[in-house]
Amino acid sequence: NAGVTQTPKFQVLKTGQSMTLQCAQDMNHEYMSWYRQDPGMGLRLIHYSVGAGITDQGEVPNGYNVSRSTTEDFPLRLLSAAPSQTSVYFCASSYGQTLNTEAFFGQGTRLTVV
Amino acid sequence: GIQVEQSPPDLILQEGANSTLRCNFSDSVNNLQWFHQNPWGQLINLFYIPSGTKQNGRLSATTVATERYSLLYISSSQTTDSGVYFCAVQIKAAGNKLTFGGGTRVLVKP
């Protein structure tokens with residue numbers, strides 16, 4: 001099993017550009033989520049999903065869109081990148097829909113917006 | 001709002017020393033996990049421990065849910081233990097999200 005796989009690992013964008021961060025898991029987990037980590041801080045939740053076709057907002061959703069068309073994939077879209085979105089992004093998944101089981105994280109995507 | 005507080009914020013250890021990291025949380029939890037973020041940024045699961053005690057090698061953890069705290073013990077520390085340790089909780093009343101503490105940055109010197 002690969003676990004949670006994020007691509008790309010590194011990305012540089014210009015202000016105003018769009019891009020999609022990919023996240024895939026092969027553990028048949030229903031719950032998937034995106035976090036961002038800024039220097040010296042813990043992780044903050046952007047969006048999450050409890051199953052295909054269901055998504056909801058976290059703490060810091062502005063500027064990001066998500067969709068969940070399959071159980072395996074949960075892409076994060078930046079429609080118009082801003083320097084404030086420079087961060088490290090982590091995708092996570094866990095079994096079930098209520099997050100009362102262990103969460104597993106991908107290796108992260110380091111995004112710089114110039 | 002939900003509060004997850006970790007202490008100490010920074011810890012410098014001599015190789016071979018023992019240490020205790022603490023996580024206090026403000027409400028009842030369904031989920032509590034400890035993670036180690038290594039110097040390359042990878043988040044490694046250490047323990048899933050909403051209550052009770054677990055041990056894995058030189059590491060162990062205890063959560064006292066009724067008193068709203070968890071402790072992570074590192075024994076005989078090694079330089080590879082360096083990094084940031086995060087506690088993350090799912091508060092029962094707050095829905096489907098993990099809330100992270102600010103972390104404890106650990107440096108183990110040879």
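All chains are named by letter (A, B, ...) in the order of the sequence lines, taking the proteins before the strands, and each is independently numbered beginning at 1.
- To the nearest 0.5 Å, atoms CG (B:Leu43) and CD (A:Gln107) are separated by 10.5 Å.
- Of the atoms belonging to A:Phe104, heavy atoms from both backbone and side chain fall under 4.5 Å from chain B.
- In this structure, NZ on B:Lys97 lies 9.0 Å from OH on A:Tyr35, to the nearest 0.5 angstrom.
- Remark: B:Arg105 CZ is loosely packed, at most 12 non-hydrogen atoms of other residues, nucleotides or ligands lying under 6.0 Å away.
- Among the residues in residues 56-90 of chain B, those with a non-hydrogen atom closer than 4.5 angstrom to a non-hydrogen atom of chain A are B:Phe86, B:Gln90.
- With a threshold of 4.5 angstrom between heavy atoms, B:Phe47 does not approach chain A through any atom at all.
- Sequence neighbours left out, not one pair with a member in residues 74-102 of chain A passes salt bridge (charged side-chain N to carboxylate O under 4.0 Å, His left out).
- A:Tyr48 and A:Tyr89 are members of different hydrophobic clusters when ILVMFWY side chains are connected at heavy-atom separations under 4.5 Å.
- Other residues, nucleotides and ligands contribute over 12 non-hydrogen atoms within 6.0 Å of the CZ atom of A:Arg44.
- Residues B:Leu98 and A:Val50 share a hydrophobic cluster, clusters being chains of Ile/Leu/Val/Met/Phe/Trp/Tyr side chains in contact below 4.5 Å.
- The part of A:Leu45 that comes within reach of chain B is its side chain, from C-beta onward, which places non-hydrogen atoms under 4.5 angstrom from that chain.
- Distance check: A:Phe90 CZ to B:Gln37 CD gives 5.0 Å after rounding to the nearest 0.5 Å.
- Transitive grouping of hydrophobic side chains (ILVMFWY, heavy atoms separated by less than 4.5 Å) keeps A:Leu43 and A:Leu78 in distinct clusters.
- A:Phe105 and A:Phe74 fall into different hydrophobic clusters, defined by Ile, Leu, Val, Met, Phe, Trp and Tyr side-chain heavy atoms under 4.5 Å apart, directly or through other members.
- A single hydrophobic cluster is seen to contain both A:Leu13 and A:Trp34, as judged by linkage of ILVMFWY side chains at heavy-atom distances under 4.5 Å, directly or through other members.
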